[in-house]
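Structure first, then comments.
Bear in mind that the values here come from a model prediction, so they are computed numbers and not experimental data. No hydrogens, no waters, no symmetry mates; every other heavy atom, side chains included, goes into these values. So that the names make sense, note that chain A is the first sequence line, chain B the second, and so on, each numbered from 1.
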Amino acid sequence: MKIQDTLSDSEKELDITKKVRIYLCGVTVYDVSHIGHARTIIVFDTLRRFLEASGANVEFIQNFTDVDDKIIKKANESGESAEIISNKNIQSYFEDFNRLNVKAATEYPKATEHIEDMINLIQNLVDKDLAYVAKNGVYFHVSKFPNYGKLSKKKISDLESGARVEIDESKDNPLDFALWKFSNELPNWNSPWGNGKPGWHIECSAMSIKYLGEEFEIHGGGRDLIFPHHENEIAQSESFTQKPFAKIWMHAGMITINGEKMSKSVGNIKTVNNVLENWGPNVIRLFCLSGHYSKPIDYTENLLKENLVKWRQLETCYYELRLASDSDSVNSELNDFIAQLTKIKQNFDTALENDFNTPLALTEFFNMIKIINGLASEENITKPIATQVMPILEKMLEILGLNVIKTTDDEIESIFKLLEKREELRKSKQFDEADNIRTQISDMGIYLIDHKNKTLWMKKEKINSDAN
RNA sequence: GGUGAGGUGGCAGAGUGGUUAUGCGUGGGCCUGCAAAGCCUAUCUAAAGGGGUUCGAUUCCCUUCCUCACCUCCA
């Protein structure tokens, strides 16, 4: 497949017959995750699912930054240790993202568990005279790295003239960034240069190299990490290995609210937990994939609602196939129909292979749903059709990470009894009684669709924001 | 100020040098005991403004305007 690479500003071919190693910059665990984090993580989770469905062997590493000034500040305010705060947020991370049906990464390395690796890396840079020890810490010599700024397309001279660079007299150059910061405050670690803690960027260099090797296929994260985080990672890593670092730099766009980036500091965040409560995991996944990954998505109730409607259509489709009539009669147009759906699946794959165009892929996907539901409304979904179509649909659901609510055998049994009773009542035109049963069934989370000759039942996901 | 990405119909959102995706919404109809879902049909006749290249531009080039992001922690 082809993926747009931020570094070369061009589409790069990804060979899926070889191992695909992905490093995703995860979250800093100073607080719970918001929907902006979820967008990036869902994009990469879906990419990973697509690659695996295409036969690739994927190794997926996602870090937790658990040493950070905001965590320390919280620790000082609350009296709890930084470690406890980090662990709490890591726990809620897993609660949130398990609910979002995000597959587990191969490893979730934590910064605090890789201090030695970072120190080794820094030592190497100091030995090469690419880093130096100053009053407040160990810094990287930006001027000694050729093409510093190549990822973010920034020039050192432009950065220097920018008024926003913090001036620290002890540094050789204001742009030099910290590899190690001296500190006696907890948490801190011993190092050859003095007690302290690592700079932010060094963890990702150390951990990506440790788990994936000196060169790997994809390094991902949000667009806001391009500078300085990923820029600095490149400088450190390539200075250390003397090799090109990641082959493809892939960046996800921001979630905005009223066109403004969602972030804790602006104070316009929607937490994952909160949005899950209102909309559930499937609608959120569809929402996050409804725009191209590289572009921003504006968070609005309307857009969520739109995806809720689509989700309901999908649930209907799934149950129509599952409860296909037992008739073995083979529709003469069966082959044409299957060919049509197979073509759609191909278009779906092609869209994803072309820089992971999820909005286009979803268009194809819902095109398929529409066709199946159309056939279903005419009661033309027979077992032979369902048997062939269901695997295609399930494969797409797996790639998209969507989960239709399933029913238990017990539920099915009691539903059948109630349905039979309702059918009798309807036939004898005792509609009030029949409607009572429908209500009773809907209390079980089961919804009915009366076709001409049969009643479709389906278990719908309970979604609080659903008006019904 | 610098750098980058954009500005597509009521909204969302792709592709494309010429046959003007798709979805949502909205109107009407069909189906239904009712409902829901679905179907049919219609609707909006879209490309920020101005130049240019071209037989022809939403798509290429220039320019103006606007928006967002990054330049500080950030997914």
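Using modelled atom types and a 3.5 Å distance limit, the side chains of A:Thr46 and A:Arg285 yield a donor-acceptor pair.
For A:Gln313, a side-chain nitrogen or oxygen approaches OP1 or OP2 of B:rC24 to under 4.0 Å.
Residue-level contact check: A:Thr28 touches the backbone only, with heavy atoms under 4.0 Å from sugar-phosphate atoms and none from bases. Across all strands, A:Asn373 comes closer than 4.0 Å only to sugar-phosphate atoms, never to a base (heavy-atom distances). Here A:Gly374 lies in heavy-atom contact (under 4.0 Å) with sugar-phosphate atoms only. Residue contacts shown for A:Ile226 are absent, as no nucleic acid heavy atom lies under 4.0 Å away. Residue contacts for A:Ile41: at a heavy-atom cut-off of 4.0 Å it reaches no nucleic acid atom on any strand shown. In this structure, A:His34 reaches the bases: a heavy-atom distance under 4.0 Å links it to at least one base atom across the strands shown. Using a 4.0 Å heavy-atom cutoff across all strands shown, A:Lys370 reaches sugar-phosphate atoms only and no base atom. Heavy atoms of A:Lys70 sit under 4.0 angstrom from at least one base atom. Residue-level contact check: A:Ile449 touches the bases, meaning some heavy atom is under 4.0 Å from a base atom.
Figure legend. B:rC44 is base-paired to no nucleotide; pairs are counted as Watson-Crick or G-U wobble with both atom distances under 3.5 Å. Using the Watson-Crick or G-U wobble rule with both distances under 3.5 Å, B:rU59 pairs with nothing in any strand shown.
Closest to the side chain of A:Arg438, from the set B:rC31, B:rG38, B:rA35, is B:rA35. In this structure, the nucleotide among B:rA75, B:rA69, B:rG33 sitting nearest to the side chain of A:Arg422 is B:rG33. Side-chain atoms of A:Met262 lie closest to B:rA75 of the nucleotides B:rC73, B:rA75, B:rA37.
Taking every heavy atom of both residues into account, A:Thr256 and A:Pro296 meet most closely at CG2-CB, 4.2 Å.
In terms of modelled atom types and a separation under 3.5 Å, the side chain of A:His37 and the main chain of A:Val272 share no donor-acceptor contact.
For a distance-only test at 3.5 Å, the side chain of A:Asp435 qualifies as a donor-acceptor partner of the base of B:rG33.
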